A.B. asks: 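Below is a structure I'd like to ask you about.
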Amino acid sequence: MAVLLLAAACGGNDDDAASEAVEVAPVQISGDPLGPIGDSPEADPAFGQSVPGLSGTAIDGSPLAWTPGERPAAIVFLAHWCPACQAEVAELTDWLEAGNELPEGVDFLSVVSLVDSDRDNYPPSQWLADEGWPFPVLVDSSDNEIAVAFGQAGTPFWVLVFGDGTLAFRGSGRIPPEGLAQLFDQLLAPGDG
């Protein structure tokens, strides 16, 4: 399974997650924002544009950074209160626990955004720990700066990045695990990105 190895993923030691958990934190974004997605993912005006790099804090309190252009990447933006996000996390986690794997060679990063302590399923750190979410989780700022920089339009929101650091796809909605594996294969196809 391909994951970022820059920080411990949420879902490890529950004692550490509970004592060190972070729900929002300052972030640094390097590069130009992608702008709005437009009418549809198929006609995304940002397709092929360089995506911004990210650094900030993982949900477990450790530093976490991601630099585009090192390897293909998939980024999923999750909101704790979103029923589709809750279903997406549970389905992908169950699929992986059943012995399935995502293809090697693609980094997978999660971003928790739109955090609201007055909404359901708060805090997101506890939700993801309870689900056993195995991927690195970067927390967005209280102003949702990462979401804005990537043009987030709904949740879950997926961003796929070619190995050269340019945008391959972004869009809202659930992607079944099998479909995600197919998208990873496309990111790794010769001649893309």
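Heavy-atom basis, side chains included; hydrogens, waters and symmetry copies ignored. Numbers for residues simply follow the sequence, beginning at 1. Keep in mind the model is a prediction, meaning the values are calculated, not measured.
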A.B. asks: Once rounded to the nearest 0.5 Å, what's the spacing between atom CD of E104 and atom CZ of R71?
C.D. replies: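 Interatomic distance, E104 CD to R71 CZ, rounded to 0.5 Å: 7.5 Å.
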A.B. asks: Any side-chain hydrogen bond (donor to acceptor under 3.5 Å, both in side chains) involving residues 49-59? Give me the pairs, sequence neighbours left out, ordered by first then second residue.
C.D. replies: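 Of all non-adjacent pairs touching residues 49-59, those that pass side-chain hydrogen bond (donor to acceptor under 3.5 Å, both in side chains) are Q28-S55.
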A.B. asks: Applying ring-ring contact (aromatic ring centres under 6.0 Å, His included), name anything that partners Y122, two or more places apart in sequence or on another chain.
C.D. replies: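 By the ring-ring contact (aromatic ring centres under 6.0 Å, His included) rule, Y122 matches H80.
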A.B. asks: Looking only at non-hydrogen atoms, find the nearest pair between D44 and R170 and report the distance.
C.D. replies: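 Smallest heavy-atom distance, with atoms named: OD2-NE, 2.6 Å.
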A.B. asks: Which residues pass the ring-ring contact (aromatic ring centres under 6.0 Å, His included) test with F150, sequence neighbours left out?
C.D. replies: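 For F150, the residues satisfying ring-ring contact (aromatic ring centres under 6.0 Å, His included) (neighbours in sequence not counted) are F77.
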A.B. asks: How about W158 and L180: do any of their side-chain heavy atoms sit closer than 4.5 Å?
C.D. replies: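 Side chain of W158 against side chain of L180, heavy atoms only: contact under 4.5 Å found.
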A.B. asks: Evaluate the ring planes of F108 and F184, with Trp represented by its six-membered ring, and classify them as parallel (under 30°), tilted (30 to 60°) or perpendicular (over 60°).
C.D. replies: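 F108 and F184: tilted rings.
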A.B. asks: Can you tell me how far apart CG (D94) and CD (E131) are? Round to the nearest 0.5 Å.
C.D. replies: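 Going from the CG atom of D94 to the CD atom of E131 covers 7.5 Å.
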A.B. asks: Under the side chain to side chain contact (heavy atoms under 4.5 Å, CB included) rule, collect the residues that match up with P177, sequence neighbours excluded.
C.D. replies: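 Here the qualifying residues are E91, L92, W95.
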A.B. asks: Does L114 sit in a hydrophobic cluster with other residues, and if so which ones, taking ILVMFWY side chains as linked at heavy-atom separations under 4.5 Å, directly or through other members?
C.D. replies: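 Besides L114, the hydrophobic cluster comprises W81, listed by chain and residue number.
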A.B. asks: Kindly write out the residues that satisfy salt bridge (charged side-chain N to carboxylate O under 4.0 Å, His left out) with E70, not counting sequence neighbours, or none if the list is empty.
C.D. replies: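 Here no residue qualifies.
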A.B. asks: Could you tell me if the side chain of I146 sits less than 4.5 Å from the side chain of S113, heavy atoms only?
C.D. replies: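 No - every pair of side-chain heavy atoms lies 4.5 Å or more apart.
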A.B. asks: Apply side chain to side chain contact (heavy atoms under 4.5 Å, CB included) to L109 and L54, showing your working.
C.D. replies: CA-CA 11 Å; L109 176 66; L54 304 171; 4.2 Å; yes
A.B. asks: Between T93 and P134, is any pair of side-chain heavy atoms under 4.5 Å apart?
C.D. replies: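 Yes. Closest side-chain heavy atoms under 4.5 Å.
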A.B. asks: On a heavy-atom basis, which atom in L160 and which in L167 lie closest, and how many Å separate them?
C.D. replies: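 That would be O-CD1, 3.7 Å.
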A.B. asks: Heavy atoms only: give me the nearest W133-S110 pair and the separation to one decimal.
C.D. replies: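 Between these two residues, the closest heavy atoms are NE1-OG, 2.8 Å.
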A.B. asks: Would you check if V137 and L128 make a side-chain contact, meaning some heavy-atom pair closer than 4.5 Å?
C.D. replies: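 Side-chain contact under 4.5 Å: yes.
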A.B. asks: With a 4.5 Å heavy-atom cut-off, do V115 and D140 have their side chains touching?
C.D. replies: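 No; the side chains remain at least 4.5 Å from each other.
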A.B. asks: Can you get from V111 to V148 by hopping between Ile, Leu, Val, Met, Phe, Trp and Tyr side chains that sit under 4.5 Å apart?
C.D. replies: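 Unlinked, V111 and V148 end up in two clusters.
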A.B. asks: Quick one: do the D164 and T166 side chains pair a donor with an acceptor below 3.5 Å?
C.D. replies: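 There is such a pair between these side chains.
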A.B. asks: Should V76 and F157 count as side-chain neighbours, where that means a heavy-atom distance under 4.5 Å?
C.D. replies: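 No, every pair of side-chain atoms sits at 4.5 Å or beyond.
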A.B. asks: Drop me the distance from L64's CG to L138's CG, to the nearest 0.5 angstrom.
C.D. replies: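 Reported to 0.5 Å precision, the distance equals 5.0 Å.
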A.B. asks: Distance from Q86 atom CD to T155 atom OG1, nearest 0.5 Å?
C.D. replies: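 So the CD of Q86 and the OG1 of T155 are separated by 9.5 Å.
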A.B. asks: For P156 and A84, work out which heavy atoms get closest and say how close.
C.D. replies: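 Here P156 and A84 meet closest at CD-CB, 3.7 Å.
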A.B. asks: Check whether D143 reaches the backbone of E145 with its side chain - one donor and one acceptor, N or O, closer than 3.5 Å.
C.D. replies: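 No, the answer is negative, given that no donor and acceptor are paired below the 3.5 Å cut-off.
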A.B. asks: Provide the closest heavy-atom pair for G61 versus V22 in the form atom of the first, atom of the second, distance.
C.D. replies: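 That closest heavy-atom pairing would be CA-CG2, 3.6 Å.
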A.B. asks: Is there a side-chain contact between L78 and P124 in this structure, where contact means two heavy atoms from C-beta onward sitting under 4.5 Å apart?
C.D. replies: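 L78 vs P124: side chains apart.
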A.B. asks: Are F47 and F169 joined in one hydrophobic group, where the rule is that I, L, V, M, F, W and Y side chains link up if heavy atoms are under 4.5 Å apart?
C.D. replies: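 Hydrophobic grouping puts F47 with F169.
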A.B. asks: Quick check: closest heavy atoms across P52 and I29, and the distance to 0.1 Å?
C.D. replies: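 That would be CB-CG2, 3.5 Å.
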A.B. asks: Could you grab the distance from atom CG of L183 to atom CG of L188, nearest 0.5 Å is fine?
C.D. replies: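 Between atom CG of L183 and atom CG of L188 there are 11.0 Å.
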A.B. asks: What distance do I59 atom CD1 and E20 atom CD have between them, rounded to the nearest 0.5 Å?
C.D. replies: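 If we round to the nearest 0.5 Å, I59:CD1 and E20:CD are 13.0 Å apart.
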A.B. asks: If you define the side chain from C-beta out and look only at heavy atoms, does anything of V51 sit under 4.5 Å from W66?
C.D. replies: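 With C-beta onward as the side chain, the pair touches.
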